[in-house]
Amino acid sequence: MCPLKVKMMQYNHKDIEEYWQKYWAENKTFKSKNPPPLGELEGAPKYYVLDMFPYPSGSGLHVGHPLGYIASDIYARYKRHKGFNVLHPQGYDSFGLPAEQYAIQTGQHPAQTTEENIKTYRKQLDKIGFSFDWDREVRTSNPEYYKWTQWIFIQLFNSWYNKDSNKAEDISTLISLFEKQGNAKINAVCDENILSFSAEEWHQFSDSKKQAVLLQYRLTFLSDTEVNWCPALGTVLANDEIINGVSERGGHPVIRKKMTQWSMRISAYAQRLLDGLSTIDWPQPLKDSQTNWIGRSQGAMVEFPILSFPKGEENTSKGYLTGGNNAHLLQEKAKEMRANPTQAEAILWQQLRGKGLGYKFRQQHLIDDFIADFVCLSKKLIIEVDGKIHDFQQEKYAERTQILENLGYKVIRFTNEEVIGNLDKVLETIKLNLDQAPLSFGKGLGDRISVFTTRPDTIFGVSFMTLAPEHELVSKITTDEQKAAVKNYIEVTAKRSERERMADVKTVSGVFTGGYAEHPFTKKPIPIWIGDYVLAGYGTGAVMAVPCGDQRDYNFAKQFGIEIPNIFENLDISEAAHADKEGTVIANSDFLSGLSYKKALQKAIESLEENGFGYGKVNYRLRDAVFSRQRYWGEPFPVYYKDGMPQMIDEKYVPIVLPEVEKYLPTEDGKPPLGNAEVWAWCTKTNSIVDNSKIDNTTVFSLELNTMPGWAGSSWYFNRYMDAKNPTEFASKEALNYWKEVDLYIGGSEHATGHLLYARFWQKFLFDRGFVPVEEFAKKLINQGMILGESAFVYSWNYNNLDNPPNKKTIFISKNIIQKSISEKSILVNGNKDIDDLSFGIKILISNTEWSHFNPIHVDVSLVNSSDELDIEGFKNWRPEYKDAEFILENGVYKVGREVEKMSKSKYNVVNPDDIVAEYGADALRLFEMFLGPLEQTKPWKTSGISGVYSFLKKLWKLYHSGENGTFYVDNSPLLEGLGEALKVLHKTIKKVEEDIENFSFNTSVSTFMIAVNELTALQCNKSSILEPLLILLSPYAPHITEELWSKLGHTTSISTAEFPKFEPKYLVESTKIYPISFNGKMRFTIELSLDLSKEEIEKEVMSNEKTIAQLEGKTPKNVIIVPGKIVNIVG
RNA sequence: GCUGAAGUGGUGGAAUUGGUAGACACGCUGGACUUAAAAUCCAGUGAGCAGUAAUGCUCGUGCGGGUUCAAUUCCCGCCUUCAGUACCA
């Protein structure tokens, strides 16, 4: 017989898979149309299946990576069988750190290494037989792609968040509001400490001043922010890129540093990101961690005026400069006003200057973002004189007063007429107010401490305050006596690393500053402490400590002997704080006494607001996201700088293509790598990138040197796939409206707070601006579990640690010998001939064997077979330092130890899918990955198990090759008679597989296929009416073998769009049931009975059965439970 | 600490409107085929006890309770493991 023919008759995965992969690629079998043209899939519903964007790393895939891809591919193929128009694309998140690190080390352009990595990656993917539409491939590092990333950035820059309409709007709507009414009434998400201005003022602002103001409102903005600077990587990192205080990539230390950075105003969307979670079908743990990350807490801001002020320090440290963040913009104005006082102002100033009333006054002084006419800082008293010079501010007096009062100032106001006409009365009033001013504890600093609290109901329980050591007020309020202690404490805490601080949460530490604040209600002085349990980065970096209601405050108070007032009715707080809210009744709290937690909370906030001590506030943990990276391999910003202000390049001229540089490192003067570029300037005349030498700051300007972070490109890619090659839009309206959103998104849970939060943010933004039709980009999301590796170990005997090692040779002892010796509590050498033969052994071993006598060494799993036997020669070649080692064998082989660990190169437990495909085929790999267990679960990989699915495929092949000598044969006769059993098997399988796929329970459907093939083999079924539908069921899982058999059945087109078989319940109708007969709930035997029988008839049958009689031993049962079709239980 | 997920044979796992625990597979044991090995096929395989055997009995889904005719499934209390988060005021 011709050997080739024999080969063809057997299941040959290699030929089959190569053939069909080529066929799919050539015929573009999986190309998706948007929307499908008439006649083709007409009226078919759409379905969008997406895998999380892969970064093409240089080390390639291991078997854990394709798990999610296989699951999504099965689902995509299933949906095609179900008649859907399926979009199932793939691409690369190809900007990123590893390529750049590699470039720094080798000088190779990151684009080049990225290209190579993608090739490897693609080759690996192709071998697994995915049904991707590769015509839609995208790469974030392609200018045709990042053109649109830059475009979105421009849209963000040109947008602000209107809290009234609760959405992002074009910046032009903000400008027109400014022009009409100034900014007082604008309810926007913006920077804190915004300069207040009128429409007139706005018109008077210079262009750059206008730009500066607008920047405070834009959704992406430039600001000096505390960033996480990683010196080792030479870049800033986002919060989610830091794990345990070190960088996620590389594990380098991270420090806090102030830098000018682009930021994204994601905080504008905090509430909507939270609310949106209830509308999407995502795993609860993922939603929980987003909820957690956003960290909404409802409470109140409370202001505590600072009382004490150390002697002799009143005027040092520029304490009199009380201007806000925009002080530099107002200084000029204030100077001008000082030089040109009104008549009334001049008169009054004559009286107030030089401590005329006993206190120092300042004129035309900046308070936050306002210019106060006269102010006594030590008494926090502001005197305003209404005059013509203030006309442009008049309409906003009320707001202005409110804000100043919130800052702790008292504002009194006189008209010009009062000052000029009745100066004595005016001075009288001022004196009265100076005497009444609330500051009783020495002279006031003119400052206050704001705290955020979720428990304003416990405000009467405050007995101290704690500031973060980094708090800016610490140096100002610390008294001379405490100065040394405070300084020392700050130094010590600054030195403690994040890690230490986290590891040690038990130790209570802190120092008294010597300063006091005033309780807003009781007016009692409250000592101000610093302590490192208060975080500078959360809330205001200060807490009002309520020791009776918060355990940390309690511990702190106990530690330092601070009073712990009890403000809870009938609750003992002698041992611990009472943090529970429910059922708590407030006591000893003035107007809050006797109220429940909820009522007290409400009343406290009302009272704070009435008295101007604070206001109700919702606080979010979510910070605005830093968007600049000091890296080369990322999207350049479409930004140049004119007079220090950022300017957007018009969207007509993007992409701004990444320039060539000689070195990928930061420049010598510390600029980002783009600082090395020689052609990196923007000419506003030609609208092109020109040589740096042409920079003249009139028409040619320098371009932004930072690049965008890794999450920029991945925050919108799912939209690009809908229309991947569109040169004029990021995706056409038609495509966006057709595909709308991802229906199924599969990926790892590690993206919970990074990619998935930012992508939702951008999608909401694009939705607000009308660019996309849906607010959430992914309807359903599944996290696939991790696949763990099975590490292998050899055990080297560390007898060298013992006295007088006779021999330097390494000795490896087979695992079970050690195991046996340990379990028998014996000395290793006894009774083992091999070891006894090593002449040195006996002398040195005196103690019983323990695992600690051995060093486990990782061995490459490829050197171990499925029975855990080591390839000793292979091992010696792999690790030449052990080429002379001795191996003590058991039954002639060396058995390794096994342990389940994360798959990683360093543990030598990585299994490459290419090897699996070569040996067993892609279909076997796909089936096995699914068979391992539930998709979402973490599970160990064990290559030996793959033989199960491989023999399943061979059995399946055989079903279709029942001809002579295993040739292909199926019976095409249409007669259905006598097929009862086979039809039952088929329809049972259809039902189960369909249910399983819909529930993403892929492991159980693989079992179902195995059962079906086992049963059909037993039935010797060769009918095409059974075997053909079976192929369609299986084809999503094992597409190659099913295509092959499908074509052998005579089909000339791909199986991929064959209609999924319809489940017919009629074939599963049974006439009898094998009833389990239980006695007291324990099954004893079964009886086959007709399903037509009534309860009474069943009971009669069962009770008369001889087995029942034997089981009862003559006793009469108390009760007989009969559930027809299910069970019989006899209770005795 | 908090949040979430999960604990079932030697292993991966199956079974929940409460109704025959351990499907399917790996591994292991024995057998067939072979000079031999691989491959393939057949049989057995939760533990314990009794019996030559057929078979029977007892225990058994992390632990302790509870509800029920019946609990891996529901309720209460605990333990352990894994993941995320971390002094969030």
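Per chain, numbering begins at 1; letters A, B, ... match sequence-line order. Computed from a prediction, not measured in an experiment: that's the story for all the values here.
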*How is A/Pro283 classified with respect to the nucleic acid when contacts are heavy atoms under 4.0 Å: base, sugar-phosphate, or nothing?*
nothing

*Looking at the side chain of A/Asn1129, which of B/C69, B/C87, B/A21 is the nearest nucleotide?*
B/C69

*Among B/C24, B/U20, B/A14, the one nearest A/Thr1086 by side-chain distance*: B/U20

*If you check every side-chain atom of A/Asn1014, which of B/C24, B/C26, B/C59 has the closest atom?*
B/C24

_Quick check for you: among B/C57, B/G12, B/U17, whose closest atom lies nearest to any side-chain atom of A/Arg1084?_
B/C57

_Strictly by Watson-Crick or wobble contacts shorter than 3.5 Å, is anything paired with B/U58, and which nucleotide is it?_
B/A47

*asked:* For a quick check of understanding: with a heavy-atom distance under 4.0 Å over all strands, which category does A/Ser947 fall into, base, sugar-phosphate or nothing?
replied: sugar-phosphate

*Indicate, with a heavy-atom threshold strictly under 4.0 Å, whether A/Val1123 touches base, sugar-phosphate, or nothing.*
base

*Scan every strand shown for a Watson-Crick or G-U wobble partner of B/G9, both distances under 3.5 Å, and answer none if you come up empty.*
none

*With a non-hydrogen cut-off below 4.0 angstrom, is A/Asn1003 in contact with a base, only sugar-phosphate, or nothing?*
sugar-phosphate

_Hydrogens and angles aside, do A/Ser1001 and A/Thr1004 bring a side-chain donor and acceptor to less than 3.5 Å of each other?_
yes

*So what does A/Gln1111 hit on the nucleic acid, given a heavy-atom distance under 4.0 Å: a base, only sugar-phosphate, or nothing?*
sugar-phosphate

*asked:* My understanding is that a pair needs two contacts under 3.5 Å, Watson-Crick or G-U wobble. By that rule, which nucleotide pairs with B/A71?
replied: none

_Students often get this wrong, so: under 4.0 angstrom with heavy atoms, is A/Lys1118 touching a base, only sugar-phosphate, or nothing?_
nothing

_B/A23 and B/C82, which share atom name P, separated by this distance in whole Å_ = 29 Å

*With sugar-phosphate meaning primed atoms plus P, OP1 and OP2, does A/Gln284 contact a base, only sugar-phosphate, or nothing at under 4.0 Å between heavy atoms?*
nothing

*Watson-Crick or G-U counterpart of B/G18, or none if no pair lies under 3.5 Å*: none

*Describe the nucleic acid contact of A/Pro1076 in one word from base, sugar-phosphate, nothing, applying a heavy-atom distance below 4.0 Å.*
base

*Would you indicate which nucleotide in B/G19, B/C24, B/U40 comes nearest to any side-chain atom of A/Met1010?*
B/C24

